[in-house]
Structures are given as structure tokens and as C-alpha cells.
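What you see is a predicted model; the values in this text were computed from it and never measured. A, B, ... follow the sequence lines: proteins, then strands. Residue 1 opens every chain.
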Amino acid sequence: MSESTSETRPDAKRDYRKTLNLPKTAFAMKANLVQNEPASLKRWGKLGGEGLYAVLRAQNKPKGRFVFHDGPPYANGSIHLGHLMNKCLKDFVVRTRTMMGYDTPYVPGWDCHGLPIEHKVMTELVESGEIKKLEGLEDDARRMAVRKACKKYAGKFVKLQTGQMERLLTLADYKNPYLTMAKAYEGAVIEVLSGLLERGLVFRALKPVHWSVANETALAEAELEYMDREDLSVYVDFEAADAGAVYAAFGLGEQDKKAGGTPAPPLTPSFMIWTTTPWTLPANLAVAVHERFEYALVRVDGNVTVMAREAVERVTKAAKSDEVEVLATTTGNRLVGLRYKHPFIDRAPRPVGEPDADTTNCYTVVSADYVTLEDGTGLVHTAPGHGADDYLTGMRVGLPTYCPVLGDGTYDASTPDWLSGMSIWDANALIAKRLEESGHLFFGHKFTHSYPHDWRSKTPVIFRCTEQWFVGADTPGKGGAVEGRTLREMALEFTGDPDRLAFVPAWGRNRMRGMLESRPDWCISRQRAWGLPIPSFTMPDGSSFMTAASAKAVATLFREKGSDVWFLASPEEMLAHYDPAGDPEAPAGLDVNGLKKGADILDVWFESGSSWNAVMRERFGDEAFPVELYLEGSDQHRGWFQLSMLPALGVMGRPPYKALLTHGFCNDKDGKKLSKSAGHTIESLFEHYGADVLRWWVCSLAYENDVKVDDEFFKLAGESYRKVRNTLRFMLSNLGDYDGGMPDLSSVPPTSIDAWALGEYNKLAAKVVAAYERYDFRAAHNALYDFCNETLSATYLTAVKDRLYCDKADSPRRRQTQATLFALSDALCRLLAPVMCHTADEAYRALHGVDQKDTGVCVHLLEFVETLSVRADDGWAAVLEARHAAMIAFEQAKTPAPEGLGMENPLDAGLVVPDPDGVLSGFDAGDLADLCGVSTVDLDGGADAARVIDLRDRPRCERSWKRTPDVRERSDGGMLSDRDAEAVGIA
RNA sequence: GGGCCUGUAGCUCAGUUGGCUAGAGCGCACCCCUGAUAAGGGUGAGGUCACUGGUUCGAGCCCAGUCAGGCCCA
């Protein structure tokens with residue numbers, strides 16, 4: 001502003017500006033992803049006629065195949081943030097491995113069967129009134145009608161989600177996805193079932209299972225959702241059958257009773273139990289105690305009762321008892337074997353259909369080690385038909401598995417008349433009332449606790465005994481790799497061996513092993529219509545018929561006709577491929593005509609858990625078993641990961657994967673669970689941010705933990721994306737007149753500033769590729785971001801601006817920098833391509849000047865550039881340190897006089913830089929000045945700190961604005977440095 | 001209630017087998033540039049490492065417990 005020259009020649013500045021090589025590019029600063037991403041998608045779709053995915057499959061990859069297997073999302077609703085993260089991470093895996101030189105096929109899949117869809121479809125049928133038409137139909141015909149509607153429904157959402165996943169720019173075989181409802185898939189699942197049957201791992205048994213009253217079906221663990229529920233909790237006194245025996249157990253004789261103040265005849269003591277499910281009391285068959293706990297005989301408000309010593313104060317306080325007196329104590333083992341009377345059932349009932357069941361052991365105190373002192377009384381109400389622990393206890397002590405509750409949640413005829421036919425939920429209050437009236441209810445109150453609910457209908461689930469099909473966790477296998485071994489043993493063996501199974505992150509191993517140790521037998525049957533029928537038949541004597549060979553035969557039929565055939569064909573037709581004579585397991589005298597088809601379908605987890613067979617082996621052969629990696633949310637340690645492992649262990653003798661990667665869940669910005677209604681729709685995210693920004697965000701996540709989601713974070717990702725984009729743009733804008741193609745950089749001198757940038761790239765590439773390799777996308781993201789900002793934008797690009805703008809366009813120095821920029825841009829686009837797949841391709845095509853119509857050039861067909869051949873001088877670290885010291889020195893020089901120099905513009909300054917070791921002397925002083933952003937740099941071996949020199953009294957080059965010593969008036973009257981004078985062609 | 005995990009600047013995260021003054025980015029403050037311009041650059045201020053106790057010459061890191069949050073289960 002204060003230049004006398006500009007005052008005398010006001011337009012001189014403008015003239016010189018025209019002589020500069022200023023940046024220019026068509027690569028827009030504004031990304032406009034909403035419009036441009038779909039255009040890229042379209043272009044990739046046209047690539048080679050069949051599209052990018054097909055072209056990549058046809059490439060001959062040097063490193064062979066890396067098979068990744070996609071877990072199927074449920075074909076219901078739009079994709080949400082969880083899918084977004086999941087699918088991006090999978091896409092990063094696929095694209096990074098591809099660019100590392102592997103052939104990485106990726107078959108996307110959908111889970112199509114199951115309760116959520118059937119439930120939704122049934123609701124729609126009810127709402128539309130169409131359900132009435134179905135009511136008059138035969139079972140099979142009605143099921144077929146429902147299945148048809150379900151199939152249509154699932155198909156609709158497969159299509160919707162496919163579109164959304166493609167819009168996310170994920171690269172997959174969307175033309176040939178796998179659907180669990182496809183014919184071949186269904187056949188392949190039944191083949192897995194057949195394989196497990198062959199190994200003797202499948203059986204039918206009566207067991208308490210989680211039962212949805214609303215949907216009248218057994219539920220898998222994965223179909224449960226724990227929610228708070230308020231229940232009536234009751235403390236109930238079970239009167240002892242033999243008072244004397246109880247007193248004796250506490251070491252009290254007749255006299256002690258009197259001494260304790262007990263009137264004669266002595267009060268009959270009770271055993272006090274606590275339950276939050278009063279409706280299971282009719283099925284009570286035992287009371288469990290812990291053998292080692294201390295129990296007390298307590299007088300409470302006129303009654304004498306037994307409870308754990310530790311529970312006395314808590315229980316009586318809660319009930320606000322007036323009189324509490326501990327009469328005696330004893331240990332649990334002394335109580336075992338004592339008998340009691342059921343509070344409202346006189347004679348132990350027998351399960352319906354089992355008139356001869358042995359009830360002699362009923363109503364006895366038994367021991368169990370799961371009894372705790374934290375809640376209740378230390379005496380546990382035991383109903384073998386209504387609880388897993390209770391069932392096991394019942395088996396151990398010889399109790400019948402008595403379950404008086406029907407599938408619809410009402411009591412059967414074996415219960416007292418006042419209960420029979422009543423809903424269990426209504427019975428809670430009634431039972432409490434009866435107990436109170438008969439004097440058995442000590443205390444009752446409302447109690448809120450976490451309780452399992454049917455994840456779909458959100459209704460509470462009950463435990464109920466039913467006949468179901470199971471895959472045994474502790475059943476020794478027969479033949480093959482499982483001979484004499486159980487699935488649990490094998491699963492624990494594999495998960496315990498890091499060489500055979502890798503976990504990312506490492507703690508997944510302990511988590512999965514903990515789950516395997518405690519998992520029950522897998523109940524694989526469901527009583528619904530929308531699923532894959534279990535090909536079992538009922539024989540005339542009521543027993544079940546299903547062998548490995550018969551299942552295999554049905555599988556063959558399913559492969560041909562799909563599982564609908566189960567509902568359309570006769571048992572004889574179903575077994576058309578089956579030859580009883582050739583089946584050693586066939587029951588003697590089997591008459592196919594006398595069979596009835598079973599009505600159960602498979603747990604959907606069995607279907608998705610067979611995908612290693614139905615998809616990977618099917619499409620890629622045994623080469624794809626086991627596959628390299630399964631990648632899902634951490635909930636799948638119990639879900640898909642485990643339920644894929646078990647069938648594979650049974651059939652193949654090993655897990656279907658070599659490594660498991662898990663990611664966390666999306667929470668809100670306070671780390672709380674994301675409410676489903678509050679989430680963003682995927683469309684609005686595309687609309688506001690674009691897929692590349694969302695992908696860049698996912699790439700930045702510490703995905704192994706739970707992830708916080710908020711608009712603010714997407715905005716930050718957008719800012720960060722723009723920084724990277726602008727860096728690319730600036731490089732491209734300085735290559736407008738470069739036509740050197742892919743340059744040879746081997747002659748770049750090691751001390752050249754270009755050599756430094758190229759050397760830094762090599763460090764970056766090593767870091768990024770290594771991070772991609774170990775699935776640490778976040779590390780790659782941070783390295784790429786820092787490289788764009790610090791190495792390029794702040795340091796290298798700022799330093800080379802002067803030569804790019806002011807050097808003669810074809811000067812060797814400028815051309816070398818352009819060659820560097822070209823190589824860096826090309827390589828950087830490739831490193832970014834797996835994440836910012838649209839932007840990287842857009843920039844890559846701009847760099848190579850590809851015509852819009854030319855679809856053949858695509859960064860995604862290429863591999864990473866891991867090394868650019870260049871050598872950077874060892875002294876560069878010292879140079880960068882000196883640069884930073886100089887920056888700080890200049891900052892101080894900005895301080896107004898007299899304390900500082902009152903400098904403002906670094907180009908008004910020169911620097912004297914200390915060089916005690918002489919390292920810097922090997923570098924070009926002009927380069928050093930450009931790196932520091934000042935006009936001149938002089939080295940001083942003796943100085944101990946950088947010193948700023950005020951050059952404002954020295955002439956300034958009107959073209960480069962530098963104050964170098966060679967600036968003087970030229971023939972055109974302008975003040976120019978030698979370089980600038982040469983560039984404009986004057987003396 | 002149990003298993004696994006998380007808790008480090010306002011925010012998102014690094015912190016190797018325990019060892020200099022606990023780092024980075026974003027944000028913020030101040031400043032520069034106006035030839036990357038709805039861009040670019042420089043400098044700086046921010047931390048009782050959730051809490052309590054223990055082991056150690058020494059703890060963000062190891063141990064025990066507490067609190068808060070998440071996933072899975074009961």
C-alpha cells in the first residue's frame with residue numbers, strides 16, 4: 001500500500017499479474033455431491049458394459065482372492081445409521097483390499113424370512129380386512145397366502161435398501177445378491193441341517209423356551225428385548241408338611257418351642273418364597289435353597305417362617321412387620337428334603353397327556369447353587385415348566401416338567417377351576433388375592449424390573465415348555481471331525497486359538513468365549529408361516545421322522561421348487577427324492593404315505609447362519625471356506641457370528657471365517673442409546689451431506705467403540721472433507737499447462753523441496769496402506785487429513801506457490817514441481833479412493849483430463865502407489881525444525897516497536913537462521929526462504945536463535961512481491977527481480 | 001444380577017512392555033495474506049487423565065472398589 005512505485009504507475013501491478021501462471025481448474029471448489037455422486041454412479045455402471053464390479057472381477061489380480069462375506073441385514077424398512085456405518089466399513093474393506101491387489105468379490109445379502117415381516121404383513125392383512133378371507137382356508141393354503149404377501153413385502157424392501165446402499169456408493173454385486181428366501185439358498189440351508197442330522201447334533205425335546213404369547217411361537221435369544229416392566233412381586237408362605245421336622249432341622253425340641261414363646265400346639269412353620277411371576281405358582285413343584293447359606297426360623301407378626309438369615313431384615317422391613325424375632329438358625333443343607341404343602345393345590349398335578357407321571361418328589365425343599373441372597377428370601381420358588389434353571393433342577397431331582405399354560409397364555413384343564421381357561425396376566429392379581437385370603441401371602445408390592453419382551457410385538461415373554469427342535473451345544477457328535485466332540489468344545493477350542501481365529505478388536509475373543517461357555521442348546525424351531533419349513537414328518541404313532549437322508553431329499557426339492565412346495569405337495573411328493581431302503585437311519589417299516597408334514601419352520605438365524613454354505617461355498621467353492629472376514633456390530637457375537645460358527649463346526653469341522661471384526665453402536669451425542677424415531681432418514685443425510693462426506697465421517701470413527709452421532713459431527717466431517725478437496729483442487733489448478741504425463745522423478749535432487757514432498761508421500765502411503773491392512777481406517781483418515789493439511793497445504797504448496805506462479809511457465813524448476821504435483825495428485829487420489837470414492841474419481845479424471853463422456857478411466861480400477869521413486873535428503877527434518885523456529889521468531893517480530901519490529905507481512909522480512917551443524921548449508925537458500933515464507937534466508941553457523949531482518953527499506957519486486965537483493969529497475973521501468981525479469985522476457 | 005467394553009483439553013481421539021514438562025485435529029482467541037478467496041497461512045490459551053483406595057523409587061497405564069454409559073445375557 002505504501003509503495004511509491006504503485007503510486008506512480010497505478011496499473012503496473014495489473015500488467016504483471018497477467019504475466020503470472022495463476023491457478024485455474026474446472027474442478028469446482030463446491031463439491032455439489034447431491035448431483036455429482038449419482039452421475040458417478042451412472043458412469044461406473046456403464047464401465048466396460050457390465051459396470052465397475054464386473055470389470056474388477058475380470059481383472060487378473062496379483063495377490064489372488066480375498067473373500068469377504070456380508071452378513072444379511074433384515075429386509076424391512078429403510079437403512080439407518082447403523083447400516084450406514086456397517087456398510088461403509090465393509091466397503092472400505094472391499095475397496096482397500098482391491099486396491100492392494102486382491103480380487104475381492106462382495107455378494108450383498110438380505111435376511112428375508114422371519115417374524116418382523118410376518119407380523120407386519122399380518123397387521124396389514126387385518127387392517128385391510130383381507131384376513132377374513134384367509135380364515136376359512138385350510139392351514140397350508142392360509143400359510144401360502146401369508147407367505148406370498150411376505151415375499152412381496154421382503155422383495156420391496158430388498159429393492160429399497162439396494163438403492164440406498166448403492167447411493168452410499170458401496171461396491172457390490174447388486175445384480176446378484178443373495179436372498180435367504182431364494183430357492184437355491186433354501187435348499188442349501190436344509191443341506192446344512194441334513195449335515196448336522198448326520199452328525200447326530202439335532203434332536204427334538206421338551207424344554208422351557210422363551211415363548212411369545214402374542215405371536216404364539218418360541219423365540220430365540222436374539223428375538224428378545226429386555227425392557228422394564230412393573231410386576232406384582234409376592235412373598236408367599238408355603239406351609240411345612242411336618243412342623244416337627246422343621247423345628248428339628250433348626251435344632252429345636254418341644255421345650256425350646258415353649259421357651260421361644262411358641263404356644264402349644266406349636267405354630268406350623270412355613271417356607272417363604274419370593275416371586276415376580278405369581279402366575280407360575282400353580283406350576284410350583286419345589287422350593288430351592290442354597291446348601292451353604294444360613295437360614296433362620298423367624299417369628300413374624302404371629303407366624304413362624306423360614307428365610308435366609310441375611311434376608312430377614314430386608315424382607316420384614318419392606319413388609320413393615322411389627323414383630324420380628326429370629327428363633328433359630330441353620331444351614332441350607334439341613335432343610336433339603338423337608339416337605340411342604342402347596343398353598344392352593346392339594347395334590348401334585350400331572351402334565352396333560354401324562355397321567356402316569358411320577359409326582360412323588362413334588363413339594364420338597366431341594367438344593368440349587370443359583371440361589372442368591374440379593375433379592376427375595378433365599379428360598380426359590382421352582383417351576384420346572386417355566387424356567388431354565390428350574391427345569392434343570394427338576395431334571396436333577398426327578399420332577400415332571402409340568403407346564404399348565406397353553407400357547408395362548410391361558411391355563412389348561414389341569415389347574416384348579418378358578419384358574420382354568422384364564423389368561424396368566426389376569427391370574428397374577430387373582431392368585432395374590434387368593435393367597436391373601438388364605439393367609440399365605442406375607443407381603444405383595446409392585447416391582448419394576450428388566451424383563452424379556454418379544455422384540456417385535458413388545459409384549460412380555462414367558463417361559464413355557466414345548467416340544468422343539470434343538471441343535472445340541474453339549475451333544476457329542478458322530479463321525480467326521482466332530483466324532484465324540486461337542487459344538488461347545490470345538491467352538492471354545494477355535495476361539496481360544498489366535499492362529500486360527502483373529503478378533504478385531506482383540507477383546508471380541510473373550511466376549512465370544514464367555515457367550516459360548518454359557519450358551520444353552522440352540523432351539524431352531526418356530527411355529528410360524530414365513531420361514532423355511534423344517535422337513536420333519538409325524539409318524540402314525542406320533543413320533544417325529546427326519547433323518548439326514550430325508551432332509552437332503554427335501555433340500556433337493558427345495559432347490560428345484562423353493563420351500564413353498566412344502567405347503568403345496570403331499571408328504572409322498574416331498575420325499576420323491578428319498579429312498580428309505582438306502583437310509584440306515586430310516587425307521588423300520590416306514591410308510592411314506594402314512595406321514596404327516598410337520599408345521600415348524602426354522603429359526604431365521606439358522607438360515608443366515610448357513611450363508612457360508614448357501615452363498616460362499618455355493619458361489620466360490622471350497623476355496624471360499626473359510627472366508628477371510630466377517631464384519632458386523634458387536635451384538636453379532638451372539639447372533640450371526642456364533643450362529644454361523646456352530647453349523648459350520650458341525651458340518652465342516654471348523655468356523656466359516658478366519659477373522660471377526662466388530663464395530664460399536666450409534667448413540668446420540670450424549671452417548672445415550674439412539675431413539676429410533678429421532679434418527680435421521682438416510683435420504684436426508686444424502687441430501688444434506690452427500691455420500692462422500694458420510695463415508696469420510698465413518699472413516700474417521702473409532703468404530704471399535706460406540707459412536708456418537710449428531711448433525712454437528714456430520715458438519716465437521718463436511719469441513720474436513722472440504723479441506724481435502726481444496727488441497728486436491730489447488731494441485732489440479734496448477735497443472736493446467738502440464739502435459740508431461742506420468743513423470744520420471746528419479747532425477748529430482750534429494751535436497752529439492754519436491755523431493756521432500758515426495759518423500760513425505762512415501763511415508764504417508766506406508767502408513768495408510770498398513771492402517772488399511774489392519775482395518776484401522778481411522779488412522780488412515782488422520783494420516784491422509786494431516787498430509788493434505790500440514791505436509792501439502794501448509795508447507796509444500798505454500799512454499800512452491802512462488803515458483804508455480806512466477807517462474808517462466810516452462811522453466812525446469814517449475815516443471816519439476818508440476819511433475820511432483822502430478823505424481824502426488826495421482827497417488828493421493830488412489831489412497832483416498834476407497835473412502836471418498838466419488839471425489840477421488842472426479843479428481844483423478846480431472847487430473848488426467850478425461851472427457852466427461854469417456855467412462856473408461858476410473859481410479860477404482862487401479863492399485864495404490866506405495867512408493868514414488870525419489871530420495872529425500874536426511875537433513876529435511878532439521879530444515880522443518882528451523883522453519884518452525886523461524887515462524888515463532890517472525891511472530892515475535894510482529895510485536896510493535898520498540899519491543900518488536902512491528903512487522904506484518906513475512907515477505908517484508910529476511911531471516912538469519914542458525915546452522916550450528918552446517919546441515920542447512922546443503923540446501924538452496926531460495927528454497928529455505930520459500931519454505932519460511934520470507935524473502936531471504938541467510939545461514940549463520942554461530943547464531944543460537946533465528947533472527948528476523950526488516951527489509952521494508954529494500955525495493956520490492958512488483959511481480960513476486962519479494963524483497964530479494966537482485967530487485968532493480970528494468971527496461972520497462974518496473975522493479976523486478978532477475979527471475980521475474982526473465983519470466984516476462986525483459987532485461 | 002452376570003459377561004465384555006468405554007470414561008484423557010469445550011468436542012472427537014493418540015498415548016508402545018508403568019519413566020523427560022500428558023499429545024493431535026476440530027472449536028476458540030489474536031494476527032497475516034487477498035495471486036487457492038464462500039479459500040490459504042501463522043501464533044496462542046485450554047487437562048485434578050471419571051471418582052476412591054492400593055502396589056511401586058515412579059501410575060493416564062498395573063490391582064481393588066465406586067459412579068456413569070453401551071452391547072449381550074439372566
Side-chain angles (χ1 to χ4, degrees), chain A residues 13 16-25 27 29-30 210 221-222 224-226 370 372-375 387-389 449-452 463 505-520 633-639 642 662-674 697 700-702 704-708 710 712-713 715-717 719-720 722-723 725-734 778-779 781-782 785-786 789-790 793-795 797-799 801-802 804-806 883-884 886-892 894-895 903-908 932-933 959-961:
Chain A
K13 201 185 231 172
Y16 288 131
R17 189 177 200 277
K18 281 177 192 159
T19 68
L20 296 170
N21 317 297
L22 289 182
K24 196 182 162 191
T25 177
F27 186 84
M29 185 178 284
K30 188 167 160 34
H210 287 288
E221 305 90 76
L224 300 176
E225 195 171 280
Y226 284 80
Y370 52 80
T372 68
L373 295 170
E374 275 135 21
D375 295 306
D389 287 337
H449 59 149
S450 170
Y451 191 85
F463 251 105
W507 51 256
R509 185 181 307 280
N510 283 341
R511 182 175 161 90
M512 190 150 178
R513 286 176 64 79
M515 288 174 174
L516 285 166
E517 277 161 9
S518 65
R519 79 146 299 122
S634 61
D635 55 337
Q636 300 304 336
H637 282 117
R638 183 164 287 270
Q642 187 178 140
T662 48
H663 57 77
F665 279 69
C666 292
N667 292 331
D668 68 15
K669 69 180 165 116
D670 300 316
K672 300 280 174 62
K673 200 178 171 128
L674 209 56
W697 170 72
S700 76
L701 297 174
E704 64 274 18
N705 296 330
D706 287 333
V707 162
K708 291 181 186 173
D710 192 67
E712 188 196 337
F713 300 138
K715 281 180 189 143
L716 285 173
E719 287 295 307
S720 158
R722 281 184 36 242
K723 298 273 273 182
R725 182 180 179 87
N726 274 326
T727 302
L728 283 171
R729 177 173 181 269
F730 184 66
M731 293 200 284
L732 294 173
S733 69
N734 281 293
R778 181 185 164 80
H781 170 280
N782 291 348
Y785 181 75
D786 288 350
N789 284 292
E790 283 162 40
S793 192
T795 310
L797 297 177
T798 301
K801 262 187 200 178
D802 171 75
L804 287 167
Y805 295 176
C806 304
R883 175 181 183 265
H884 186 236
M887 296 283 192
I888 291 170
F890 182 75
E891 212 49 41
Q892 283 159 0
K894 281 178 173 176
T895 316
M903 305 282 295
E904 285 183 341
N905 189 339
L907 279 182
D908 290 339
C932 298
R959 188 164 175 274
S960 69
W961 302 337

Given B:A14, B:G25, B:C71, which nucleotide is nearest the side-chain atoms of A:Lys673?
B:C71

Name the pairing partner of B:U43, where a pair is Watson-Crick or G-U wobble with both distances under 3.5 Å, or state none.
B:A29

Please measure how far the P atom in B:A50 lies from the corresponding atom in B:A59, and state the result in whole Å.
15 Å

Less than 5.5 Å between centroids and less than 30° between ring planes, does A:Tyr805 satisfy that with B:A36?
no

OP1 or OP2 of B:G35 sitting under 4.0 Å from any side-chain N/O of A:Tyr16?
no

Using only side-chain N and O atoms of A:Ser793, determine if any of them is under 4.0 Å from OP1 or OP2 of B:G41.
yes

When all nucleic acid strands are considered with a 4.0 Å heavy-atom cut-off, which category describes A:Arg513: base, sugar-phosphate, or nothing?
nothing

Looking only at side-chain N and O atoms, does A:Lys708 come under 4.0 Å of OP1 or OP2 in B:U12?
yes

Rounded off to whole Å, could you give me the CZ-to-C1' distance for the A:Phe665 and B:C71 pair?
6 Å

What's A:His884 touching, base or sugar-phosphate or nothing? Going by heavy atoms closer than 4.0 Å.
sugar-phosphate

Please state whether the phosphate of B:A36, meaning OP1 or OP2, lies under 4.0 angstrom from any side-chain nitrogen or oxygen of A:Lys723.
no

Tell which nucleotide pairs with B:A64, taking only Watson-Crick or G-U wobble pairs whose two distances are both under 3.5 angstrom.
B:U52

Both distances below 3.5 Å, Watson-Crick or wobble geometry, any strand: find the nucleotide opposite B:A36.
none

Considering only the P atoms, how many Å lie between B:U52 and B:U16, rounded to the nearest integer?
23 Å

A:His663 side chain reached by A:Val707 side chain, heavy atoms, under 4.5 Å
no

Answer with base, sugar-phosphate or nothing: what part of the nucleic acid does A:Pro452 contact at a heavy-atom distance below 4.0 Å?
nothing

Check this for me, if you would: do A:Glu891 and A:Lys894 make a salt bridge, where the nitrogen-to-carboxylate-oxygen distance has to be below 4.0 angstrom?
yes

Would a 4.5 Å heavy-atom cut-off, applied to side chains only, mark A:Phe665 and A:Lys673 as touching?
no

I need the CZ-C1' distance between A:Phe890 and B:G44, as an integer number of Å.
16 Å

Do A:Leu701 and A:Arg778 touch side chain to side chain, with heavy atoms closer than 4.5 Å?
no

Which nucleotide, in any strand shown, forms a Watson-Crick or G-U wobble pair with B:C13, with both distances under 3.5 Å?
B:G23

So A:Gln642, base contact, sugar-phosphate only, or nothing? Heavy-atom distance under 4.0 Å.
nothing

Is there a side-chain contact between A:Tyr805 and A:Asn734 (heavy atoms, below 4.5 Å)?
yes

Find the distance A:Arg638:CZ to B:G70:P and express it as a whole number of Å.
20 Å

How far, in whole Å, is B:C71 from B:A24 if one measures between their C1' atoms?
29 Å

What I'd like to find out is whether the side chain of A:Thr662 reaches to under 4.5 Å of the side chain of A:Gln636, using heavy atoms alone.
no

Output yes when at least one side-chain N/O atom of A:Lys801 is less than 4.0 Å from OP1 or OP2 of B:C33, else no.
no

Can you check whether any acceptor in the base of B:A74 is under 3.5 Å from a donor in the side chain of A:Ser518, or vice versa?
no

Residue closer to the 5' end of RNA chain B, A:Leu716 versus A:Met887 (nearest nucleotide):
A:Leu716

Got a donor-acceptor pair under 3.5 Å from the side chain of A:Arg511 to the base of B:C71?
yes

Using side-chain heavy atoms (C-beta onward) and a distance below 4.5 Å, is A:Lys801 in contact with A:Phe730?
yes

Syn or anti for B:G10, with syn set at within 90° of 0?
anti

Between B:C26 atom P and A:Leu701 atom CG, what is the distance in whole Å?
18 Å

Determine the Euclidean distance between corresponding C1' atoms of B:G18 and B:C13; express it in Å to zero decimal places.
22 Å

Between B:G25 (C1') and A:Asn782 (CG): distance, integer Å:
7 Å

Do A:Arg511 and A:Met515 have side chains that approach each other closer than 4.5 Å (heavy atoms only, starting at C-beta)?
yes

Just N and O in the side chain of A:Arg729: are any of them under 4.0 Å from OP1 or OP2 of B:U37?
yes

If I take atom CD in residue A:Glu904 and atom P in nucleotide B:C33, what distance separates them, rounded to the nearest angstrom?
6 Å

Quote, to the nearest angstrom, the P distance that separates B:A38 from B:G15.
39 Å

Would you mind reading off the distance between A:Asp802 atom CG and B:G40 atom C1', rounded to a whole angstrom?
16 Å

Whole-Å distance separating the CG atom of A:Asp389 from the P atom of B:C73
16 Å

Counting the atoms with a prime plus P, OP1 and OP2 as sugar-phosphate, which does A:Asn726 contact under 4.0 Å by heavy atoms, base, sugar-phosphate, or nothing?
base

When the nearest nucleotide of RNA chain B is assigned to A:Asp706 and to A:Trp507 on a heavy-atom basis, which residue is associated with the more 5' position?
A:Trp507

